[in-house]
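First up is the structure itself, then whatever we jot down about it.
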2 protein chains.
Amino acid sequence: MSVTIKDVAKKAGVSPSTVSRVLSNHPRISRETSKKVRDIMEELGYHPNIMAKSLVSKTTNSICVILPKPAEELFNNLFFMELIRGIVTQANRSGYDVVLSSGANEKEEVEAVSRLLHGRRVDGAILLYSRHNDPVVEFLQTNQFPFVLVGRSDEYSGILSVDNDNVQAAYEATKHLISLGHQRIGFVSGPQNLIVSQDRLLGYRKALQDSNLEMRPEWIVEGEFLQESGYRAMSFFMNLPERPTALVVLDDVVSFGVLRGLHELGFKVPEDLSVVSFNNITLAELYTPPLTSVDIGIYQLGYTASQALIQLIQSDGDKQFLKRHIIPHRLIIRESSMFSLNNTR
Amino acid sequence: MSVTIKDVAKKAGVSPSTVSRVLSNHPRISRETSKKVRDIMEELGYHPNIMAKSLVSKTTNSICVILPKPAEELFNNLFFMELIRGIVTQANRSGYDVVLSSGANEKEEVEAVSRLLHGRRVDGAILLYSRHNDPVVEFLQTNQFPFVLVGRSDEYSGILSVDNDNVQAAYEATKHLISLGHQRIGFVSGPQNLIVSQDRLLGYRKALQDSNLEMRPEWIVEGEFLQESGYRAMSFFMNLPERPTALVVLDDVVSFGVLRGLHELGFKVPEDLSVVSFNNITLAELYTPPLTSVDIGIYQLGYTASQALIQLIQSDGDKQFLKRHIIPHRLIIRESSMFSLNNTR
DNA sequence: AAACTTATTTAAATCGTTTGCACAACCGAA
DNA sequence: TTCGGTTGTGCAAACGATTTAAATAAGTTT
């Protein structure tokens with residue numbers, strides 16, 4: 001039996017509406033009434049019931065983060081932790097709570113989101129990386145719920161998104177290898193249906209093309225964001241009759257798999273194979289050897305996503321906020337790619 | 001303007017209460033009424049308003065996870081990701097949502113929890129690792145809110161907690177080193193105010209004592225759960241006139257710092273220094289060299305915490321559930337400690 | 001002193017559910 | 001026929017806030 005607005009009102013000798021107005025800093029409340037009511041609130045230990053408030057105001061001051069389907073896979077990645085940290089920090093700063101949501105499959109995902117948004121449990125959603133024809137995106141669009149996509153969205157127009165320029169990032173990463181003298185550069189992709197995979201592949205292709213380098217289909221390997229994928233890709237490449245001398249790998253954890261495998265087989269990095277990676281999670285610097293990686297500002301990505309979503313919600317869906325935010329990236333060069341082939345020729 | 005229970009009622013030609021009863025599978029609703037109402041719900045796309053429901057039922061079907069104060073530090077650790085994965089998975093399975101909450105300092109933490117629980121936004125809380133005299137624990141206790149502590153709690157009685165037997169785990173880890181022939185074993189602790197640090201230190205001490213090994217105060221170094229701490233500890237130990245030959249390190253990420261530093265200085269692991277660690281995050285296996293680590297069942301820890309809390313909530317605070325759950329641990333031996341000193345003598 | 005402002009405060013409706021109680025209809029048994 | 005017992009449904013009062021419109025008090029003009 002907790003203390004309600006009525007209890008406060010009675011004790012203070014005013015009406016509930018007055019207490020409510022004190023709470024929301026209504027201008028037409030006299031100094032002394034305000035003081036008196038506040039004192040009583042303090043004395044009774046009053047806390048407004050958020051549910052009741054939400055019911056009438058039709059707003060919950062919370063957002064949900066939808067974890068992508070293969071949560072098992074992605075959760076293993078520091079990447080998501082960092083992203084969520086950015087989201088939670090910003091949301092809390094703006095007075096919003098963050099509800100985590102996931103689903104075993106796409107259907108469950110949509111159900112969860114539907115329950116949260118239709119049920120007015122949250123005001124908006126953050127989607128972490130969308131796929132082509134993502135049913136969740138479709139759901140959110142047709143129902144006109146505010147949401148922000150972390151990742152690209154060019155197939156849908158009028159979507160709020162936060163992303164890197166992944167084409168350019170991959171371009172630079174590849175160019176870096178080329179500038180070191182590499183001519184045979186492989187590519188370890190993430191899942192093909194993720195837009196980020198495609199964008200980075202595009203950048204890689206562009207860089208090779210610009211330098212008139214050969215582009216072999218067998219040098220492009222698809223995988224998941226798992227260490228095993230890296231290991232598998234590595235062993236595939238190293239068994240090729242004509243091996244690449246460098247690899248562009250889409251994720252640090254995958255790169256760790258590559259490096260680990262190379263070490264086991266007695267190959268030297270970067271001498272036998274150079275690696276540039278993406279995401280630059282904190283462990284990248286700490287690995288043996290330290291990993292060259294594109295820092296894509298993960299925390300910033302989450303922080304900005306949260307901020308943009310809340311802005312959209314508070315603007316009541318103003319179209320002007322439905323834009324694409326680009327977070328800058330930066331190539332961090334470390335040992336895994338420090339070796340220049342030119343020097344050894 | 002979303003569709004409410006009244007809209008469904010009107011269209012179905014029944015009263016709102018009947019619709020509500022259909023929704024909650026009330027026994028005394030006829031088959032045909034139920035079918036009819038359900039069809040209309042489907043047709044109109046009805047979704048119950050969770051806020052309204054919570055208001056009257058005084059229950060929210062959600063719990064919050066309180067991220068410890070130095071979130072910046074801890075978030076960097078795969079450990080938390082794994083823990084949260086366990087929590088979210090179980091909670092969702094039980095029909096609960098998970099709200100993430102954090103605060104920049106202890107005061108903010110208490111405020112956030114107070115808002116969530118007093119404001120009836122969540123039904124209970126999960127605390128990740130408590131400190132001595134944790135103000136959040138105190139708050140939860142005096143207000144009689146259901147909560148579960150991930151970590152030990154023996155100073156407080158009648159608390160629901162989920163934990164490992166950390167004393168025993170550290171004992172085994174240390175014994176493992178001793179069995180390999182090590183006689184000079186150092187200890188890299190976590191923050192001293194964490195109970196987990198103290199428990200493991202105890203286990204380490206006990207193991208040394210049991211084997212009549214020397215216990216030197218300068219071989220015990222306190223740090224944080226950061227790579228830098230490991231690096232610092234390592235350089236401290238290696239500059240000692242009489243170095244330890246093995247280290248017990250409280251966290252994998254800290255161990256990575258140790259290993260990285262050793263590699264930089266040209267020391268060999270495990271020959272020059274063996275390392276056993278705790279937590280066994282996925283990267284432990286993948287590191288160079290692979291890290292011997294005590295697997296404490298992180299996912300299980302989170303899963304169990306969530307399960308126990310929800311059980312407590314649903315039992316309406318039944319004291320019988322206020323017990324301590326112990327999750328089993330297992331020492332995973334890998335290269336960082338595979339070297340036996342006995343063999344080289 | 002009446003009339004008119006302006007500054008505060010209150011009463012009452014509302015948000016979308018749940019649920020105790022009342023009631024009607026039907027059943028078989030006395 | 002009358003009664004006790006089921007079964008199925010509706011009424012209306014909560015739940016704890018916000019908010020519109022109206023009332024009251026206080027201050028200013030004329």
Side-chain angles (χ1 to χ4, degrees), chain A residues 1-38 40-41 44-62 95 114-123, chain B residues 1-38 40-41 44-62 95 115-123 316:
Chain A
M1 188 65 72
S2 53
V3 31
T4 76
I5 208 170
K6 282 186 196 162
D7 302 327
V8 176
K10 193 184 292 174
K11 182 130 189 179
V14 297
S15 76
S17 13
T18 301
V19 177
S20 170
R21 293 208 167 87
V22 169
L23 228 46
S24 54
N25 291 312
H26 190 98
R28 294 223 298 243
I29 289 289
S30 69
R31 279 240 162 285
E32 46 185 342
T33 313
S34 173
K35 168 105 176 63
K36 184 176 60 188
V37 170
R38 275 180 206 287
I40 304 254
M41 291 195 314
L44 297 183
Y46 168 75
H47 290 265
N49 183 312
I50 307 183
M51 296 298 150
K53 186 168 174 170
S54 291
L55 182 57
V56 41
S57 70
K58 292 177 180 310
T59 165
T60 64
N61 273 47
S62 45
S114 168
R115 194 176 49 79
L116 288 171
L117 281 148
H118 269 137
R120 294 279 184 284
R121 173 70 231 267
V122 302
D123 299 336
Chain B
M1 189 65 74
S2 53
V3 30
T4 77
I5 210 171
K6 283 186 194 162
D7 301 326
V8 177
K10 192 183 292 174
K11 183 130 188 179
V14 297
S15 76
S17 13
T18 301
V19 177
S20 170
R21 291 198 173 96
V22 169
L23 228 46
S24 55
N25 291 313
H26 189 99
R28 296 219 301 236
I29 288 290
S30 71
R31 280 241 163 284
E32 46 184 342
T33 313
S34 174
K35 168 101 175 67
K36 183 175 61 185
V37 170
R38 277 179 204 288
I40 305 247
M41 291 195 315
L44 297 183
Y46 168 75
H47 290 265
N49 182 312
I50 304 183
M51 295 298 150
K53 185 169 177 168
S54 292
L55 181 56
V56 43
S57 70
K58 291 176 179 310
T59 166
T60 64
N61 272 50
S62 43
R115 196 177 47 79
L116 287 171
L117 281 148
H118 270 136
R120 294 276 184 285
R121 169 164 240 125
V122 302
D123 298 337
D316 207 24

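Convention: sequence-line order gives letters A, B, ...; per-chain numbering from 1.
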Is a side-chain donor or acceptor of A:Asp123 paired with a backbone partner of A:Thr60 at a separation under 3.5 angstrom?
-> yes

In whole angstroms, how far is the P atom of D:dG8 from the NZ atom of B:Lys35?
-> 18 Å

B:Val3 and B:Tyr46 have their tightest heavy-atom pair at O-CD1, 3.3 Å

C:dG16 base to A:Arg121 side chain: any donor-acceptor pair below 3.5 Å?
-> no

Any side-chain N or O of A:Ser15 less than 4.0 Å from the OP1 or OP2 oxygen of C:dA11?
-> no

Examine D:dG10: is either OP1 or OP2 under 4.0 Å from a nitrogen or oxygen in the side chain of B:Thr18? Give yes or no.
-> yes

So, is B:Ser20 close to the C:dT18 phosphate, meaning a side-chain N or O under 4.0 Å from OP1 or OP2?
-> yes

Out of D:dT9, C:dT17, D:dG16, which nucleotide sits closest to the side chain of A:Leu55?
-> D:dG16

Give a yes/no on whether any side-chain N or O of B:Thr33 is located under 4.0 angstrom from OP1 or OP2 of D:dT9.
-> yes

Could you give the CZ-to-C1' distance, from A:Arg21 to C:dA12, as a whole number of Å?
-> 12 Å

Say you draw a straight line from CG of B:Asn49 to OG1 of B:Thr4; how long is it, rounded to the nearest 0.5 Å?
-> 9.5 Å

Using a cut-off of strictly less than 4.0 Å, decide whether A:Lys58 has a side-chain nitrogen or oxygen near OP1 or OP2 of C:dG16.
-> yes

Interatomic distance, OG@A:Ser54 vs CZ@A:Arg120, rounded to 0.5 Å, equals 11.5 Å

D:dT9 phosphate, OP1 or OP2: any side-chain N/O from B:Ser30 under 4.0 angstrom?
-> yes

C:dT17, C:dA11, D:dG16: which one has an atom nearest the side-chain heavy atoms of A:Ala52?
-> D:dG16

